[in-house]
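To find a chain, count down the sequence lines: A is the first, B the second, and so on, and within it residues start at 1. As the structure is a prediction and not an experimental result, all values here were calculated from the model.
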Amino acid sequence: MKDGYDPAAVETKWQRLWEERGTNRFTLEELRAAKDPYYNLMMFPYPSAEGLHVGNIYAFTGADVHGRYQRLRGRTVFEPMGFDAFGIHSENFALKVGKHPMDLIPSNVANFTRQLRRIGGMFDWTHSVDTTDPAYYKWTQWVFVQLFKAGLAERKEAPVNWCPSCMTVLSNEQVIGGECERCGTAVEQRRIAQWFFTITKYAQRLLDNLARIDWSEKTKKAQVNWIGRSEGALLRFPVIDAKGTETGRVIEVFTTRPDTAFGATYMVLSPEHPLVDKVLDPGLIAPVYAYRDKARQKDLVARQKIDKTKTGVSTGGYCRNPATGEAIPIWIADYVLMGYGTGAIMAVPGHDQRDFDFATQFELPIVRVVAGPGDAASTPLAEAYVGPGVLVNSGRFDGIDVSESVRVLTEWAAAEGWGEGQVNFRLHDWCISRQRYWGPPIPIIYCDACGPVAVPESDLPVVLPRVENFKPDDSGVSPLAREESWYRTKCPECGADARRETDVSDTFLDSGWYFLRYPSTDFDDRPFDPTITKKWLPVDSYIGGHEHAVLHLLYSRFITMALHDLGHVEFEEPYDVFRAHGLIIAEGAKMSKSKGNVIVPDPVIEEFGADTLRTYLMFLGPFEEGGDYRQEGIQGPYGFLHRLWDSVTSAVEGTPDPDVERKVHQTIRQLTEQLPELQYNTAIAALMECLNTIRAGGRAFVRAEVAPLVPLVAPFAPHIAEELWERLGHSASIFDGPNWPAYDESKLAETRVTIAIQVNGKLRASISVAKGAAEPDIVAAARAENSVSRHLDGVSERRVIYVKERLVNFVVG
RNA sequence: GCCGGGGUGGCGGAACGGUAGACGCGGCGGCCUCAAAAGCCGCUGUCCUAACGGAUAUGCGGGUUCGAUUCCCGCCCCCGGUACCA
């Protein structure tokens, strides 16, 4: 039965058998009855027209290796795959090639599916999802309706980022450095009424729960920063008129340093702050309006450039600093953002660098209210001082240390009635409206009498109609708003003429709950079955790209938490474990279409086979860090699989050599430890080393030596493993049973150890001794070595360091 | 600027504070073969030496230690994220 390794033949055979035998798929009954279920999730792809590149394959393979390992350990592993096919990518591409997304997506999905089968992923294709399928987005709309009914969806007019090229609104997250994430065009500001999920209501819980989920620290940290909790106080500054009388209006500010209130020498409103008109001196209307218009135009573009040179204008209005009782001027400036805090600040130029720069620019007073070590109350400031110290120029609070001054001043403001402690979050509400075509229509009907009404669940889905002209225009209204026959409808509550919402929802909503759907795709009368969901969720392992560390992962946590509160699921956190994979670069450079160095898998599989590609990708570097795909490097794993094939098919019966057997058991131990930790590159190196030992010097190897390597290599190279497993005499799939080998502690121990001999920390020799040899004997043997004794002659020995079974170090001098 | 992650042979990358460079690629020499594919054997950080053997080496500069790629302090550079967040 000795024949050559033919990857194409082996892979075709096993992919066919997996399909015929249903190796990787579950019936509903099997899902219900599964023993020791393990939900192995990976981020589903957007099915582009180009097909998968090795970057995608890398991520999926890493997750698949994990799933296959768990399965070999005896878990029942559910590993679904789907397609995130709505959204601006597909829509823009369709526009570009002049086709309809409804025609394009199915062929893209078919191509992706072909490629995913070809790399040997353990996917259950009977539980796939496609977010553009009405049978799926029916339930996406259902999720929206649940949140709407719970008061978590709000319609509000808000300044939004507008991309003049994509002609659509962008979320703050999609604006990168003032430019559109997708096309790089400078983003403008517009005000449009849109639907928001009030994720900010969950900010504290989203933050708190991070402590109890097993995610990479990096990812958690990114979420912590994104949520951006900061503690401080809300302070109220009364607006006064020219005579110094309070007008009844109040400027609210959020500050993390209420203790510096005595140093607040002016106020700054964001240019778009609603109070600007109220405090404005009529004589200054022209410059203030001019400034506001200018700020609006460059909004979110130039405003994100941090610049020492601040701009702004005085409104001519004043308010009273409640700490000092003094009148201070009110300015507007674009360094104060409407979207954070209250859109207004008390400026403390002595202790905030931005305020300091502004005050210097416009010659506003700068007062020191914190004295650092060695400073007096009158020590002038060359820049804002933010270090430790005590309060000064702060009336009866002088001398209080900054470590407690925030608390003391907050209590005082509260007692006086002009402020209280407050926690503020950087996190914004999640805008889900998109003035585009390619998404699920937001299931809302507007009725003049009843207001916005959710589409009744029995009427879902609101099907996205096939619209031939879906190109957005600069009117800013959704393409669906041009389809009168579609949007005209009756109010579900009162029956009056009404109008459908014509915006579609954000793709992050599609992906916000897809993991709930996979195990329940057998049901078309419910989004997720309670029993199945309880059995399979939360997700045991989630692997995906770090580019989704904040958005997708935060949004899906929020959706889950909301569904939990509404009684639909029993858990708050969707993913027990999350690990981010690294990025693959090619020949030392980032893969990109423009560089022309995008590696596509098909020709590689053609030449070397899927098993070799999978093994090579996992061998490139640490999975969580990524690696450099170099064309030539694939020869290593290719040769390794050939040698493995040769070894298994030509091995003879016999008794294993004890040294070789020890190596095999050490390898089993190493893989058993490293695979759950995703340390694939070193695990593969260990397998290669083990095979090298088995074959060393062309020795005759026996079956018992090589056989354990078959299950060990199976997660990486499942096809060849199946074939060799069969040739070893097994009739069932290697993955249908707990076939991971066990290692024997008693066979791990070395009989001899190599001891390094150093003199003053420099290696001079190494000796081999029997394990368990006594220290004095080892030191004596070490001393006897020529290359050691030569360095000990004529010098005085001060110390001898012995590290058990490792080294001897003679310290001389 | 801030927050992460990194800087190790020609290259990708290994190294519980204990023999730096595992494993692999590439290179060099040889074997097998009609030939190719696959495979097999040996060598391969740098410098000095005919050799034995030395010296030197993990971005840079210090420190702790018998001993530092690993720990500490101060820099430089690269990658990713983020950005006037009050």
Side-chain angles (χ1 to χ4, degrees), chain A residues 4-5 176-178 216-219 221-222 224-226 228 230 232 253-257 260 268 303-308 310 333-337 339-348 352-355 357-358 424-427 546-547 549-550 582-583 585 587-588 590 616 619-622 624-643 645-646 681-690 692 695-698 754-766 786-787 790 798-813:
Chain A
Y5 171 43
I176 309 296
S216 25
E217 280 310 308
K218 194 183 171 181
T219 313
K221 190 85 184 209
V224 169
N225 291 341
W226 194 261
S230 76
V253 300
F254 174 74
T255 175
T256 54
R257 295 297 303 272
T260 60
V268 188
R303 284 184 65 170
Q304 288 188 1
K305 293 267 176 280
I306 302 169
D307 199 341
K308 277 242 171 193
K310 299 281 187 277
D334 64 6
Y335 81 92
V336 175
L337 307 174
Y340 185 78
T342 63
I345 60 158
M346 65 171 198
V348 183
D352 180 287
Q353 192 57 41
R354 293 157 301 177
D355 298 342
D357 296 338
F358 189 84
N424 205 26
F425 293 93
R426 202 194 81 113
L427 182 68
H546 207 252
E547 66 273 20
V550 283
L583 290 180
I585 57 174
E587 313 293 336
K590 194 188 264 185
Y616 179 47
F619 181 63
L620 283 179
E624 294 179 70
E625 285 165 38
D628 187 1
Y629 187 99
R630 309 193 83 97
Q631 205 75 44
E632 310 144 335
I634 200 167
Q635 290 297 343
Y638 191 49
F640 167 69
L641 292 183
H642 271 280
R643 287 191 294 278
W645 176 279
D646 176 73
N681 60 329
T682 46
I684 292 168
L687 285 170
M688 290 172 165
E689 216 179 316
C690 184
N692 291 346
R695 296 168 63 93
T754 305
I755 309 276
I757 314 299
Q758 299 179 338
V759 179
N760 277 353
K762 282 188 200 228
L763 181 74
R764 295 302 175 186
S766 58
N786 251 339
S787 49
R790 124 178 59 201
R798 290 213 292 232
R799 252 179 99 180
V800 179
I801 311 273
Y802 173 68
V803 181
K804 190 166 186 289
E805 288 167 15
R806 284 235 171 234
L807 66 65
V808 177
N809 186 14
F810 296 96
V811 184
V812 299

Using a cutoff of under 3.5 Å, can you pull out all pairs of nitrogen or oxygen atoms linking the protein to nucleotides 45-55 of chain B, with atom names and distances?
residue : atom : partner : partner atom : Å
B:rA55  : OP1  : A:R764  : NH2          : 3.3
B:rA55  : OP2  : A:R764  : NH1          : 3.0

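- A syn base is found at B:rG9: its glycosidic angle is within 90° of 0.
- Shown here, B:rG17 forms no base pair; nothing in the strands shown gives a Watson-Crick or G-U wobble contact with both key distances under 3.5 Å.
- Using a 4.0 Å heavy-atom criterion, one finds that A:R798 contacts no nucleic acid atom at all.
- Taking every side-chain heavy atom of A:Q635 into account, B:rG26 is the closest of B:rG24, B:rG26, B:rC85.
- For the pair A:N692 CG and B:rC23 P, the interatomic distance rounds to 7 Å; values are reported in whole Å.
- The side chain of A:K221 contributes no N or O atom lying less than 4.0 Å from OP1 or OP2 of B:rU82.
- Residue A:Y638 contributes atom OH, which lies 18 Å from atom P of B:rG24 at whole-angstrom precision.
- Not counting sequence neighbours, the partners of A:D355 by the side-chain hydrogen bond (donor to acceptor under 3.5 Å, both in side chains) test are A:Y335.
- For A:R643, the listed nucleotide lying nearest its side chain is B:rG39; candidates were B:rG80, B:rA38, B:rG39.
- A:F640 places its CZ atom 12 Å from the P atom of B:rC25, with the value rounded to the nearest Å.
- For a distance-only test at 3.5 Å, the side chain of A:K310 qualifies as a donor-acceptor partner of the base of B:rC84.
- A:K310 has no carboxylate O lying under 4.0 Å from a charged side-chain N of A:D334, or vice versa, which leaves the two without a salt bridge.
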Between protein and nucleotides 9-19 of chain B, what N or O pairs are separated by less than 3.5 Å?
residue : atom : partner : partner atom : Å
B:rC11  : O2'  : A:R630  : NE           : 3.3
B:rC11  : O2'  : A:R630  : NH1          : 3.4
B:rG12  : O2'  : A:L620  : O            : 2.9
B:rG13  : O3'  : A:N681  : ND2          : 3.4
B:rA14  : OP1  : A:N681  : ND2          : 3.0
B:rC16  : N4   : A:R806  : NE           : 3.2

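- Between A:E547 atom CD and B:rG4 atom C1' there is a gap of 15 Å when expressed in whole angstrom units.
- Residue A:H546 contributes atom NE2, which lies 16 Å from atom P of B:rC3 at whole-angstrom precision.
- In this structure, B:rG10 and B:rC25 make a Watson-Crick or G-U wobble pair, each of the two defining distances being under 3.5 angstrom.
- As the counterpart of B:rU33, no nucleotide is assigned, since no Watson-Crick or G-U wobble pattern has both distances under 3.5 Å.
- The NZ atom of A:K218 sits 12 Å away from the P atom of B:rG4 (whole-angstrom rounding).
- Contact annotation: A:R799 side-chain N/O to B:rC66 OP1/OP2 distance is under 4.0 Å.
- Ring-centre distance between A:F640 and A:F619: not below the 6.0 Å cut-off.
- With the nearest nucleotide of RNA chain B identified for both A:Y340 and A:H642, A:H642 has the one nearer the 5' end.
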